[in-house]
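Residues take their numbers from the sequence shown, with the count starting at 1. What you are looking at is a predicted structure, and each value in this text was computed from that prediction instead of being measured. All values below come from the heavy atoms of this structure, side chains included, with hydrogens, waters and symmetry mates left out.
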Amino acid sequence: MNRLDNHRTLVTGAASGIGQATALRLLDEGATVVAADVSTDGLAATSARAAERGTADRLTTLTLDIGDEQSVIAGVRSSIETLGGLDSLVNAAGILRASHTEQTSLDLWDLIIRVNLTGTFLVVREALPALLANPRATVVNFSSTSAAFAHPYMAAYAASKGGIQSFTHAIALEYGGKGLRAVCVAPGSIKSGITDATPGYLPADSDWALFSKLSPALPTDRESGGAGMGDPTAVAGVIAMLVSEDGAFITGTEIRIDGGTHA
Ligand SMILES: NC(=O)c1ccc[n+]([C@@H]2O[C@H](COP(=O)([O-])OP(=O)(O)OC[C@H]3O[C@@H](n4cnc5c(N)ncnc54)[C@H](O)[C@@H]3O)[C@@H](O)[C@H]2O)c1
């Protein structure tokens, strides 16, 4: 008996990094998974990795843009139809851009807020009726250590992640009486598409001294942009716990997974 046998879940951002590792981990634990992402090629890679592990028969992939309301409405509806209901929703899709705040255009600000914060809201809104039809369901949203600890040149990203934390606390209270749990994970220093791309987004005149407190305390075996990183599976395992009965009394909070970067 696996911990997540008969568990039906939708994972966004499942084409890469932490979302992909989470989809694979939930499959490994017995769940049936819809893996959604804007990257169709990345989803093909997720399918290939599931096939290698012998779990692809419980995986459906779905191309979806969480920043587009119609795409979310259609995609969440088809996910619920495919799964025959929903026991959990994992909102891993997100983007990071970096710039000096005084040079951040309104278009860039809007893009980051629309994908990360509004996108998370849209997917939750569309999934809520199916989640609430279930006496015990879970939403896992993705905050970031940047929501509570200063990360240079990432004010828009940090604001989007702080918004996700506030949103998650609010829905945890609003729907807790109906059995819905809502939790944030707050990763930091996890090797992924985002952390691999971050050095390319940072301003050329970045003050590198501002990054001096952004390294894990624990030894790491991965690297992005010259910095030590944890593996996405470190977050995936926590999410598997959160959506399972092992997380039954956890709601309205954040779990920071950063190797002690902000210890
Ligand atoms: N890696 C870290 O250290 C770290 C730290 C804090 C928070 N996070 C958060 O973790 C989550 C996963 O990111 P990751 O680090 O694995 O990076 P990643 O780039 O490897 O994965 C992000 C995924 O989101 C998808 N995506 C982006 N925009 C989308 C959209 N509009 N619609 C649907 N899918 C979209 C991407 O295609 C990609 O597959 C993100 O929310 C990120 O902000 C990561």
Do [X] and [Y] belong together in a cluster built from hydrophobic side chains that touch within less than 4.5 Å?
| X | Y | answer |
| --- | --- | --- |
| L24 | L89 | no |
| L59 | V90 | yes |
| V185 | I18 | yes |
| L108 | I113 | no |
| F121 | I80 | yes |

Contact check, side chains of [X] and [Y], non-hydrogen atoms, under 4.5 Å:
| X | Y | result |
| --- | --- | --- |
| D87 | V243 | no |
| I95 | S160 | no |
| D258 | S189 | no |
| T261 | T145 | no |
| M154 | L202 | yes |

Could you measure the distance from the [atom1] atom of [X] to the [atom2] atom of [Y]? Nearest 0.5 Å is fine.
| X | Y | atom1 | atom2 | result |
| --- | --- | --- | --- | --- |
| M229 | D196 | CE | CG | 8.0 Å |
| T104 | R97 | OG1 | CZ | 12.5 Å |
| E174 | L180 | CD | CG | 10.0 Å |
| N134 | L86 | CG | CG | 8.0 Å |
| F167 | C184 | CZ | SG | 9.5 Å |
| D65 | L122 | CG | CG | 10.0 Å |

Non-hydrogen atoms of [X] and [Y] that approach each other most closely:
| X | Y | answer |
| --- | --- | --- |
| T9 | A31 | CG2-CB, 4.3 Å |
| I250 | V183 | O-CG2, 3.5 Å |
| S47 | A56 | O-CB, 4.3 Å |
| A15 | S39 | CB-O, 3.7 Å |
| S143 | P187 | O-CD, 3.4 Å |
| S146 | A158 | O-CB, 3.3 Å |

More than 12 heavy atoms of other groups within 6.0 Å of [X] [atom1]:
| X | atom1 | value |
| --- | --- | --- |
| R77 | CZ | no |
| N6 | CG | no |
| R136 | CZ | no |

Walk me through it: do D231 and T233 pass the test side-chain hydrogen bond (donor to acceptor under 3.5 Å, both in side chains)?
CA-CA 5 Å; D231 192 89; T233 55; 2.7 Å; yes
If we ignore hydrogens and angles and just use 3.5 Å, is the side chain of [X] paired with the main-chain N or O of [Y] as donor and acceptor?
| X | Y | result |
| --- | --- | --- |
| R181 | G247 | yes |
| R3 | E29 | no |
| T12 | A93 | yes |
| N2 | L4 | no |

Could you work out, with side-chain contact (heavy atoms from CB on, under 4.5 Å) as the rule, every residue matching I255, not counting sequence neighbours?
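So I255 forms a side-chain contact (heavy atoms from CB on, under 4.5 Å) with V238, M241, L242, I257.
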Sequence neighbours excluded, which residues qualify as side-chain contact (heavy atoms from CB on, under 4.5 Å) partners of S192?
I194, T195
Can L83 and T60 be said to form a side-chain contact (heavy atoms from CB on, under 4.5 Å), step by step?
CA-CA 9 Å; L83 294 167; T60 303; over 6 Å; no
Between S88 and T138: side-chain donor-acceptor atoms closer than 3.5 Å
no
Distance-only donor-acceptor check, side chains D107 and S105, under 3.5 Å:
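Checked: D107/S105 side chains show no N/O donor-acceptor pair below 3.5 Å.
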Residue from T253, N91, N141, T251 passing side-chain hydrogen bond (donor to acceptor under 3.5 Å, both in side chains) with T168
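By the side-chain hydrogen bond (donor to acceptor under 3.5 Å, both in side chains) criterion, T168 pairs with just one of T253, N91, N141, T251: N141.
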List the steps, then state whether side-chain contact (heavy atoms from CB on, under 4.5 Å) holds for L26 with H7.
CA-CA 9 Å; L26 300 182; H7 187 98; 5.9 Å; no
Begin with the C-alpha distance, continue with both residues' side-chain angles, and end with the deciding distance and a verdict on salt bridge (Lys or Arg N to Asp or Glu O under 4.0 Å) for E254 and K161.
CA-CA 11 Å; E254 292 76 53; K161 294 299 185 177; over 6 Å; no
Could you walk me through whether T46 and Q20 satisfy the side-chain contact (heavy atoms from CB on, under 4.5 Å) test, starting with their C-alpha distance in whole Å, then the side-chain angles of each, then the deciding distance to 0.1 Å, before giving a yes or no?
CA-CA 6 Å; T46 305; Q20 183 187 69; 3.0 Å; yes
Can you pull out every ring pair (Phe, Tyr, Trp, His ring centres under 6.0 Å) where at least one residue sits in residues 130-166? Sequence neighbours excluded, please.
H100-Y153, F149-H262, H151-H262
Could you go through I239 and R25, starting from their C-alpha distance and side-chain angles, then the distance that decides it, and tell me whether this counts as side-chain contact (heavy atoms from CB on, under 4.5 Å)?
CA-CA 9 Å; I239 293 171; R25 174 65 182 259; over 6 Å; no
